[in-house]
A.B. asks: 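Submitted below is the structure of interest, expressed as structure tokens.
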Amino acid sequence: MTMNQINVLFIGAGRMAQALIAGIKQDEQFSLIVANKGNKERLAFVREMYGVHTTDHWQKAVSRVNIIVLALPPENHDVILAELKQLVSGQLIVTIAAGISPTYLESELPSGTAVAWVMPNTAAKLGQSITLYALGHYVNDKQHEWIRNLIRGIGDFEFVTEHQIHELTAITGSAPAFVYLMASVLEKLAEETGISAQQARKLVAQMIAGSTEMLKTNQDYFDLIDEVATPGGSTAAGVEVLLQSRFPELLREAISACRKKAQELISIETY
Ligand SMILES: NC(=O)c1ccc[n+]([C@@H]2O[C@H](COP(=O)([O-])OP(=O)(O)OC[C@H]3O[C@@H](n4cnc5c(N)ncnc54)[C@H](OP(=O)(O)O)[C@@H]3O)[C@@H](O)[C@H]2O)c1
């Protein structure tokens, strides 16, 4: 660790930590040290795979780092925060855990501690996450920039409020499962025509990828639909079935169910 580097301690070395580490490694300003709960094989893998420092005693590293990333399950935060409370002195504390908001972190850490909440999705491992982040009250501009540089490597991101993360995680974090569900049905239908599973996957994945690119043009939804669905044509017949089957309302209900469940889980985990 040199004077010019920003030293980052990861507590947690699992899937999401590794996605972040892989991204951060592209940025030479960061020097990483990684700890976990005790899975030695995993820690050794992370050390070799990403060329980072590791430690069995994260507590000893705290005074040497600028940023601490909590990359562990929500229910394991309390024990770590209780220890951190005794050790932090000016470090930025970032969690990536569902439900562990800046308000909660501030309530558990010494007054004035800079905290942030980063919420990636599973596409982070391909560098394609859309990550939401929110800041506590004491994050300065330099630390805000550090956070953006930390998450740049896992995809795109948006700075929102803590309340918005609670509400938007259903869309950025959960809704990919809705897309996969839709894709699985379309893939099965494609296979029924006699093409291979591999061909069906390619076809459906590229159809979604192409649609994604069209969405990114910001063209109006109705124009996009109209472009495909000529009135009285075959696509319009399919769209009509979806509308009559309350497809938009069903999506609303699915998002509401995710939000409701997340709230229930948060109240179990943090109180
Ligand atoms: N996976 C996702 O797509 C995703 C998306 C958004 C947010 N997140 C959030 O990211 C966090 C991590 O998820 P994950 O999928 O990476 O989990 P994971 O693969 O299960 O890894 C969890 C890591 O936390 C470590 N850990 C647990 N308790 C600990 C403790 N007391 N002290 C130190 N380390 C501890 C584990 O240590 P060992 O290695 O010793 O087992 C492991 O390295 C969760 O809060 C999750 O909500 C995940």
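Residues take their numbers from the sequence shown, with the count starting at 1. Since the structure is predicted, the reported quantities are computational estimates derived from the model, not experimental observations. Numbering of ligands and ligand atoms starts at 1, following listing order.
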A.B. asks: The test is side-chain hydrogen bond (donor to acceptor under 3.5 Å, both in side chains); show your working for Q164 and E158 and say whether it passes.
C.D. replies: CA-CA 11 Å; Q164 286 166 331; E158 278 297 324; over 6 Å; no
A.B. asks: Let me check something: any side-chain donor-acceptor pairs from residues 167-181 under 3.5 Å, sequence neighbours excluded? List them with distances.
C.D. replies:
from	atom 1	to	atom 2	distance (Å)
T169	OG1	I165	O	2.6
T172	OG1	L168	O	3.3

A.B. asks: Could you walk me through whether E191 and K188 pass the salt bridge (Lys or Arg N to Asp or Glu O under 4.0 Å) check?
C.D. replies: CA-CA 5 Å; E191 276 189 66; K188 181 139 197 335; over 6 Å; no
A.B. asks: Is L126 isolated, or which residues cluster with it under the ILVMFWY side-chain rule of less than 4.5 Å, directly or via members?
C.D. replies: none
A.B. asks: Under 4.0 Å between a side-chain nitrogen and a carboxylate oxygen: does that hold for K260 and E253?
C.D. replies: no
A.B. asks: Please tabulate, one line per pair, the protein N or O atoms found under 3.5 Å from any N or O atom of ligand 1, giving the distance to one decimal.
C.D. replies:
from	atom 1	to	atom 2	distance (Å)
ligand 1	15 (O)	R15	NE	3.3
ligand 1	15 (O)	R15	NH2	3.1
ligand 1	16 (O)	R15	N	3.1
ligand 1	16 (O)	M16	N	2.8
ligand 1	19 (O)	R15	N	3.0
ligand 1	19 (O)	R15	NE	3.1
ligand 1	28 (N)	N76	ND2	2.6
ligand 1	34 (N)	K37	N	3.2
ligand 1	37 (O)	K37	N	3.1
ligand 1	39 (O)	N36	ND2	2.9
ligand 1	39 (O)	R42	NE	2.8
ligand 1	39 (O)	R42	NH2	3.1
ligand 1	40 (O)	N36	ND2	3.3
ligand 1	40 (O)	K37	N	3.0
ligand 1	40 (O)	G38	N	3.0
ligand 1	40 (O)	N39	N	2.9
ligand 1	41 (O)	R42	NH2	2.9
ligand 1	43 (O)	A13	N	2.8
ligand 1	43 (O)	G14	N	3.2
ligand 1	45 (O)	L72	O	2.7

A.B. asks: Apart from V228 itself, which Ile, Leu, Val, Met, Phe, Trp or Tyr residues share its cluster (side-chain heavy atoms under 4.5 Å, direct or through members)?
C.D. replies: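 Reading the cluster by chain and number, V228 sits alone, since nothing else belongs.
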